[in-house]
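One structure below.
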Amino acid sequence: MASMSPPSVPRFSVEVYQNVNLPEGGREVNAIVTVTAAGGPGEPSLPSGSLSPGSFSPGGHAPDAAVVVMVDCSGSMDYPPAKMRNARDATAAAIDALRDGVAFAVVAGTHQAREVYPAGGRLAVADATTRGQAKEALRKLGPGGGTAIGTWLRLADRLLSSSDASIRHGILLTDGRNEHEEPEALRASLDACAGRFTCDARGVGTDWEVKEVTGIASALLGSADIVADPAALAADFTSMMETVMGKEVGDVSLRLWTPQGAEVLFVKQMAPTVEELTDRRAAAGPRASDYPTGSWGDESRDYHVCVRVPSAHVGQEMLAARVSLVLPTPDGASPHVLAQGLVRAVWTDDLAASTSINPQVAHYTGQAELAQAIQQGLDLRKSGDVDGATAKLGRAVQLASRSGHEDTAKLLAKVVDVVDAANGTVRLKTKVSEEAEMTLETRSTKTVRVKK
């Protein structure tokens, strides 16, 4: 495809929130890095060559995107029979949300993966005709067979790799456990697909495994959620596809450069969800590392960066880290820097200054603990440890109350009876619906933004 003018993309900005002050000998620097992408059509474009050839301007035209929808067609989708019909309708709704010019395909997933449309190992290009053909092909889908999600992902990867689109995305729906594939096989598939495309995962009903679905979304930098009522699938699929259509730039990395003697202890996404990025580090030159963030539209995210610096004396100051948003170039040259921010360290003998915790850092430290307390509490509840589960879920109630996390507080109240939210005093409910427990677990990593 001939090279075209690069598209208008969001303007990125980086803001760093931290307490720069350390006591004499202090070494640990914490910062919340807020990355915001705003603008798009009508805003200044990136320099020529900073995006892949064949891109289109999003302003009323097709985004530079390719999407594969993976639909569970295993035998369990027949219970109740309306579930399969709802899945077909939801996929049709997602196809309707595709903009003209987007490359797409539909995969039926059982113990193997089969391309339903357009077939032949290729992608179709969305227009009125292909959307109609795809929806006609969906009508032939019926339930039968097992579940091996890794095969679905690998087929999606092969299809998406045939496109030079900068935004490659999957939407995956399952209603059951990955019973026809070893956990190691799914893990290997996720490792193979990571960095090649992003993927939203949905569990429909209540017979699927939360950690499998959230693990897929986490590995592939997408969202995960429960759709307990199959009738709600169409609205959810439409919303997911509209979000994908709003993406304007893909494969953006958070790059951390640290000076001699400093090291990155961890990098976590904190909003809109808690996501550990530390172990996804890729070397990016001397003392620099890249951490994947996936694709961006008009949005804002928060990251917690922790750096260990060499100890120093009172009055000294140093740059602890330089944070950049970078976009790779197709020819492998130096990536385009979209925005930068600085993390600093200043040594002081002012006790009040050095012991003050930045409000943003404190807020997100609490949010990470909240997510962990919920996960641990539910695991302890499942194992029969009533006292341990009560303590952890009580702590979660306390943290949710402190941080104003009203949605999580409501979900917790379906699992425990809250006696005193401020002190975290709760009693486990004797009867909890699977939907309530699975919804709490699935959404436990969702966070509320700190008020700045």
Side-chain angles (χ1 to χ4, degrees), residues 66-79 83-84 86-88 90-91 94-95 103-124 134 137-163 165 168-205 207-227 230 233 237 240-241 244 294:
V67 185
V68 173
V69 182
M70 293 159 272
V71 187
D72 192 336
C73 293
S74 61
S76 57
M77 288 292 287
D78 201 26
Y79 304 97
K83 195 192 294 182
M84 190 72 240
N86 291 135
R88 288 194 297 264
T91 306
I95 290 168
F104 77 102
V106 179
V107 167
T110 58
H111 53 281
Q112 56 191 5
R114 176 174 62 89
E115 188 182 358
V116 176
Y117 184 82
R122 60 192 177 88
L123 297 168
L138 287 174
R139 292 177 184 153
K140 302 172 185 176
L141 289 184
T147 305
I149 295 174
T151 65
W152 314 357
L153 293 167
R154 287 185 184 269
L155 176 54
D157 183 36
R158 289 195 296 274
L159 292 168
L160 290 168
S161 67
S162 69
S163 169
R168 298 171 302 282
H169 192 78
I171 290 176
L172 184 148
L173 173 71
T174 184
D175 83 321
R177 294 171 175 81
N178 199 42
E179 295 175 338
H180 294 82
E181 182 177 59
E182 293 297 324
E184 295 76 15
L186 176 57
R187 183 73 254 169
S189 295
L190 289 171
D191 289 344
C193 296
R196 294 174 60 81
F197 67 96
T198 53
C199 185
D200 295 320
R202 295 293 185 268
V204 60
D207 293 326
W208 46 280
E209 180 61 48
V210 171
K211 286 181 172 58
E212 284 179 354
V213 170
T214 55
I216 291 165
S218 175
L220 302 181
L221 298 174
S223 66
D225 208 351
I226 179 174
V227 186
L233 278 174
F237 268 46
M240 276 193 290
M241 189 63 83
V244 177

Straight-line distance of [X] [atom1] to [Y] [atom2], nearest 0.5 Å:
X      : Y      : atom1 : atom2 : value
Arg177 : Ser74  : CZ    : OG    : 12.0 Å
Asp200 : Met70  : CG    : CE    : 9.5 Å
Cys193 : Arg158 : SG    : CZ    : 9.5 Å
Phe104 : Leu123 : CZ    : CG    : 9.0 Å

task = Run through Ile171, Leu221, Leu220 and flag the one making a side chain to side chain contact (heavy atoms under 4.5 Å, CB included) with Cys199.
result =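 One option only clears the test, and that one is Leu220.
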
What is the minimum heavy-atom distance between [X] and [Y], and which atoms define it?
X      : Y      : value
Ala124 : Tyr117 : CB-CE2, 3.6 Å
Val107 : Ala113 : CG1-CB, 4.1 Å
Asp78  : Pro143 : CB-CG, 3.5 Å
Leu173 : Ala87  : CD2-CB, 3.8 Å
Ala219 : Arg187 : CB-NH2, 3.7 Å
Ala192 : Arg154 : CB-NH1, 3.8 Å

Please examine the side chains of [Y] and [X], heavy atoms only from C-beta on, and report whether any two atoms are closer than 4.5 Å.
X      : Y      : answer
Asp175 : Lys83  : yes
Met84  : Cys73  : yes
Val213 : Asp225 : no
Leu190 : Leu153 : yes
Arg202 : Ser223 : yes
Phe237 : Val69  : yes
Glu179 : Thr147 : no
Leu159 : Glu115 : yes

key: Residue pair Thr174, Glu209: steps toward the side-chain contact (heavy atoms from CB on, under 4.5 Å) verdict   = CA-CA 10 Å; Thr174 184; Glu209 180 61 48; over 6 Å; no

task = Please check if the side chain of Asp207 supplies one atom and the backbone of Gly176 the other of a donor-acceptor pair under 3.5 Å.
result =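 Not a single qualifying donor-acceptor pair exists.
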
ask   = Within the side chain of Glu181, is there an N or O that forms a donor-acceptor pair under 3.5 Å with the backbone of Gly150?
value =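 Such a contact is found between Glu181 side chain and Gly150 backbone.
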
request  = Decide side-chain contact (heavy atoms from CB on, under 4.5 Å) for Val210 and Ile226; before the verdict, give the C-alpha distance in whole Å, the side-chain angles of both, and the deciding distance to 0.1 Å.
outcome  = CA-CA 9 Å; Val210 171; Ile226 179 174; over 6 Å; no

message = Apply side-chain contact (heavy atoms from CB on, under 4.5 Å) to residues Ile95 and Leu138 and explain how you reach the verdict.
response = CA-CA 11 Å; Ile95 290 168; Leu138 287 174; 3.9 Å; yes

inquiry  = What verdict does the side-chain contact (heavy atoms from CB on, under 4.5 Å) test give for Ser161 and Arg196, after you've listed the backbone C-alpha separation in whole Å, the side-chain angles of each residue and the deciding distance to 0.1 Å?
reply    = CA-CA 8 Å; Ser161 67; Arg196 294 174 60 81; 3.4 Å; yes

